[in-house]
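In what follows, chains are A, B, ... by sequence order, proteins preceding strands, each numbered from 1. This structure is a prediction, so every number in the text was calculated from the model and none was measured.
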There are 2 protein chains.
Amino acid sequence: MLKISELAAQTGLSAHTIRFYEKHGLISASERSEAGYRYYSDADIRRAEFVKTARNIGFSLDDIGQLLSIRLDKDSHSCQEVTDITQHKLDEVNGKIAELKIMQQTLQRLLDSCGGGPEDATHCSIIEALEEGDVASTVSARNGGHS
Amino acid sequence: MLKISELAAQTGLSAHTIRFYEKHGLISASERSEAGYRYYSDADIRRAEFVKTARNIGFSLDDIGQLLSIRLDKDSHSCQEVTDITQHKLDEVNGKIAELKIMQQTLQRLLDSCGGGPEDATHCSIIEALEEGDVASTVSARNGGHS
DNA sequence: TATAAGCTTAGAGTTGGCTCTAAGGTCAAT
DNA sequence: ATTGACCTTAGAGCCAACTCTAAGCTTATA
Ligand SMILES: [Zn+2]
Ligand SMILES: [Zn+2]
Ligand SMILES: [Zn+2]
Ligand SMILES: [Zn+2]
């Protein structure tokens with residue numbers, strides 16, 4: 001049985017974050033001392049580490065909640081459900097990468113067009129490009145949302 | 001002279017957003033009617049379009065503020081300052097891309113390891129990987145901050 | 001002149017994931 | 001017995017960039 005700060009040390013999550021995750025149903029302490037102190041069992045620790053791993057990969061807390069409920073009752077969930085969550089996340093990540101690559105290209109082109117020297121910005125090609133709006137590849141999807 | 005909704009139509013920004021940008025010093029109306037209505041001159045419109053273009057590229061409002069003050073007094077700013085802002089942004093973008101690529105690889109590997117069929121998740125390799133924490137390439141930089 | 005569309009303001013709400021505070025109770029070591 | 005480290009809670013605050021509301025004033029059209 002670990003106390004919260006010990007679980008924090010083990011997982012690398014802060015005690016604050018552990019309580020925050022508990023409030024959101026991700027982690028719980030299967031025991032409490034008389035004074036209300038949280039005590040974490042081996043199963044609790046494994047669950048916390050599952051959460052930590054999933055978070056490191058980039059899953060949202062909501063995704064993690066779904067993955068945890070699958071983990072809790074594997075028999076009544078399919079692999080399909082797991083890959084759906086994973087694929088959905090991958091799509092999201094791929095979308096963001098695509099957006100960022102457009103930004104990257106635009107920024108790189110701007111940098112290439114301007115030496116960046118100590119001369120004044122009167123004829124700076126970056127400022128000019130921004131003024132003329134002819135920055136070509138602008139990002140179409142400004143929000144990160146999806147269906 | 002355009003009214004706010006006309007400027008909104010021209011720039012594709014909402015009237016709300018234009019007022020929000022004004023509150024943050026990015027856009028202003030050089031005239032007001034007696035009743036307080038905003039009226040935008042050609043120079044105002046060009047400035048608003050500059051802001052819009054910079055935002056589309058992905059610059060933060062803070063970056064845009066700096067770019068605008070360079071634009072306002074080009075003589076006393078160098079190209080160096082402009083490329084610094086741009087390079088800084090590019091570094092940020094490259095950092096995010098790197099993070100996302102790690103997520104992408106991990107997710108793809110997980111998907112490859114699990115067929116995603118209708119069988120139950122008892123032996124799901126994705127769930128197992130999360131349980132064992134051996135997900136290899138985890139993302140080190142979780143926050144987007146930098147010096 | 002009446003109706004509707006459009007404008008004004010200050011300020012609150014949204015998103016996701018923390019992060020921290022205040023005010024107090026508990027526990028181990030000296 | 002007293003320090004000091006640790007624990008508890010509810011709830012506020014933070015970040016960026018919006019997004020929206022409420023309540024009231026103005027303007028154009030019929
Ligand atoms: Zn010159
Ligand atoms: Zn330049
Ligand atoms: Zn089986
Ligand atoms: Zn599977």
Side-chain angles (χ1 to χ4, degrees), chain A residues 1-29 31-40 48 51-52 54-66 88-89 92-93 96 99-100 103 139 141-146, chain B residues 1-29 31-40 48 51-52 54-66 68 88-89 92-93 96 99 103 139 141-146:
Chain A
M1 288 295 189
L2 301 185
K3 282 197 279 187
I4 195 165
S5 65
E6 294 164 333
L7 180 63
Q10 277 230 1
T11 57
L13 301 168
S14 76
H16 277 307
T17 299
I18 292 169
R19 286 189 207 100
F20 171 80
Y21 283 176
E22 179 181 308
K23 199 159 50 178
H24 290 267
L26 300 184
I27 285 178
S28 61
E31 279 192 49
R32 291 279 190 136
S33 75
E34 297 218 341
Y37 281 33
R38 291 168 176 84
Y39 283 94
Y40 296 91
V51 169
K52 171 79 187 313
R55 194 207 60 168
N56 276 351
I57 290 171
F59 284 111
S60 69
L61 301 193
D62 190 78
D63 290 336
I64 297 174
Q66 291 177 245
H88 194 252
K89 186 75 205 171
E92 213 176 289
V93 166
K96 280 189 203 157
E99 260 182 64
L100 287 166
M103 285 172 54
V139 178
R142 291 287 304 169
N143 64 59
H146 53 70
Chain B
M1 288 295 187
L2 301 185
K3 282 197 278 188
I4 194 165
S5 65
E6 294 165 334
L7 181 63
Q10 276 229 2
T11 57
L13 301 167
S14 77
H16 277 306
T17 298
I18 292 169
R19 286 189 207 101
F20 171 79
Y21 284 176
E22 178 181 309
K23 197 160 50 179
H24 290 268
L26 300 184
I27 286 178
S28 61
E31 280 192 49
R32 291 279 190 137
S33 75
E34 297 218 341
Y37 281 33
R38 291 167 175 84
Y39 282 94
Y40 297 92
V51 169
K52 171 79 186 313
R55 194 207 62 167
N56 275 352
I57 290 170
F59 284 111
S60 69
L61 301 192
D62 190 79
D63 291 336
I64 296 174
Q66 291 176 246
L68 283 168
H88 195 252
K89 186 74 205 172
E92 211 176 289
V93 166
K96 278 189 204 158
E99 259 183 64
M103 285 172 53
V139 178
R142 290 289 302 172
N143 64 59
H146 53 70

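Using a 4.0 Å heavy-atom criterion, one finds that B:S14 contacts no nucleic acid atom at all. A:R19 comes within 4.0 angstrom of a base, heavy atoms only.
One cannot find a donor-acceptor pair under 3.5 Å joining the base of C:dG17 and the side-chain atoms of A:Y21.
Taking 4.5 Å as the limit, some side-chain heavy atom of A:K89 sits within range of a side-chain heavy atom of B:M103.
Going from atom OG1 of B:T17 over to atom NZ of B:K52 covers 10.5 Å, rounded to the nearest 0.5 Å. With values rounded to the nearest 0.5 angstrom, A:T11 atom OG1 is found 9.5 Å from A:Y21 atom OH.
Distances shown here put every side-chain N or O of B:R38 at or beyond 4.0 Å from the OP1 or OP2 atom of D:dT26. For A:T17, no side-chain nitrogen or oxygen approaches OP1 or OP2 of C:dG17 to under 4.0 Å. For D:dT26, neither phosphate oxygen OP1 nor OP2 lies less than 4.0 angstrom from any side-chain nitrogen or oxygen of B:R32.
Between the C1' atom of C:dC18 and the NE2 atom of A:H16 lies a distance of 10 Å, rounded to the nearest Å. The distance from atom NZ of A:K96 to atom P of C:dT15 is 16 Å, rounded to the nearest whole Å. In this structure, A:E92 places its CD atom 13 Å from C1' of C:dT15, rounding to the nearest Å. Remark: C1' of D:dA16 and CG of B:D62 are 11 Å apart, rounded to the nearest angstrom. In this structure, A:L2 atom CG and D:dC6 atom C1' are separated by 15 Å, rounded to whole Å. When the P atom of D:dA16 is taken as reference, atom CG of B:L61 falls 9 Å away, rounded to whole Å. The separation between B:E22 atom CD and C:dC7 atom P is 14 Å, rounded to whole Å. Separating the NZ atom of A:K23 from the P atom of C:dC20 is a distance of 14 Å, rounded to the nearest angstrom.
Residues A:F20 and B:I4 each lie close to DNA chain C; by heavy-atom proximity, the contact nearer the 5' end of the strand is made by B:I4. Between A:S5 and B:K3, the residue anchored closer to the 5' end of DNA chain D is A:S5, taking for each the nucleotide with the nearest heavy atom.
Taking the six-membered ring for Trp and thresholds of 30 and 60 degrees, B:F20 and B:H24 have ring planes inclined between 30 and 60 degrees apart.
With salt bridges taken as basic N to acidic carboxylate O contacts below 4.0 Å, none links A:R38 and A:E31.
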